[in-house]
Amino acid sequence: ISREVPQILASPAFGSDGLVLITFDEWGDSTPNDKRVAFVALGPTVLPGSTNSAPYNHYSLLRTLENGYGLHPYLGGAASATTINGIWVKKRF
């Protein structure tokens, strides 16, 4: 990650609406009620230094991306998922 992400961010193709998402959800033996997923969003559409501790799931990310790119109808569980809010500079996401 430390080698690839800086190259992606510096690429001319990344542009003003580029987005890099990094997730890690291999928490091993966590109890079922305490599953936490590390999620990092990088790019010009992300509010620098923002954090959000609200509970989300994989469908929340899918719904957020579908909203951002205007893709409808929602796929699968995204229809009832909560959109990730509060970390975006542009309202597109």
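Computed from a predicted structure; not experimentally measured.
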Could you tell me which residues satisfy ring pair (Phe, Tyr, Trp, His ring centres under 6.0 Å) with F14, sequence neighbours excluded, listed by chain and number?
none
Nearest 0.5 angstrom please: [X] [atom1] to [Y] [atom2], how far?
X: S60; Y: N85; atom1: OG; atom2: CG; result: 10.0 Å
X: F39; Y: T51; atom1: CZ; atom2: OG1; result: 12.5 Å
X: S80; Y: Y59; atom1: OG; atom2: OH; result: 9.0 Å
X: L62; Y: L71; atom1: CG; atom2: CG; result: 9.0 Å
X: L42; Y: I8; atom1: CG; atom2: CD1; result: 9.5 Å

Taking [X] for the side chain and [Y] for the main chain, is one N or O donor matched with an acceptor at less than 3.5 Å?
X: S11; Y: A13; answer: yes
X: R63; Y: Y74; answer: no
X: E66; Y: A78; answer: no

Using the side-chain contact (heavy atoms from CB on, under 4.5 Å) definition, which of the options L65, L61, T64 pairs with T83?
T64
Pick one: which of D17, V89, I87 meets side-chain contact (heavy atoms from CB on, under 4.5 Å) with T45?
D17
Might you point out which heavy atoms bring P44 and G15 nearest each other, and give the distance in Å?
CG-O, 3.7 Å
For W88 and I84, work out which heavy atoms get closest and say how close.
NE1-O, 2.9 Å
Shared hydrophobic cluster for [X] and [Y] (ILVMFWY, side-chain gaps under 4.5 Å):
X: L9; Y: I22; result: yes
X: V40; Y: V20; result: yes
X: V46; Y: L21; result: yes

Enclosure of Y56 OH (heavy-atom neighbours >12, cutoff 6.0 Å):
yes
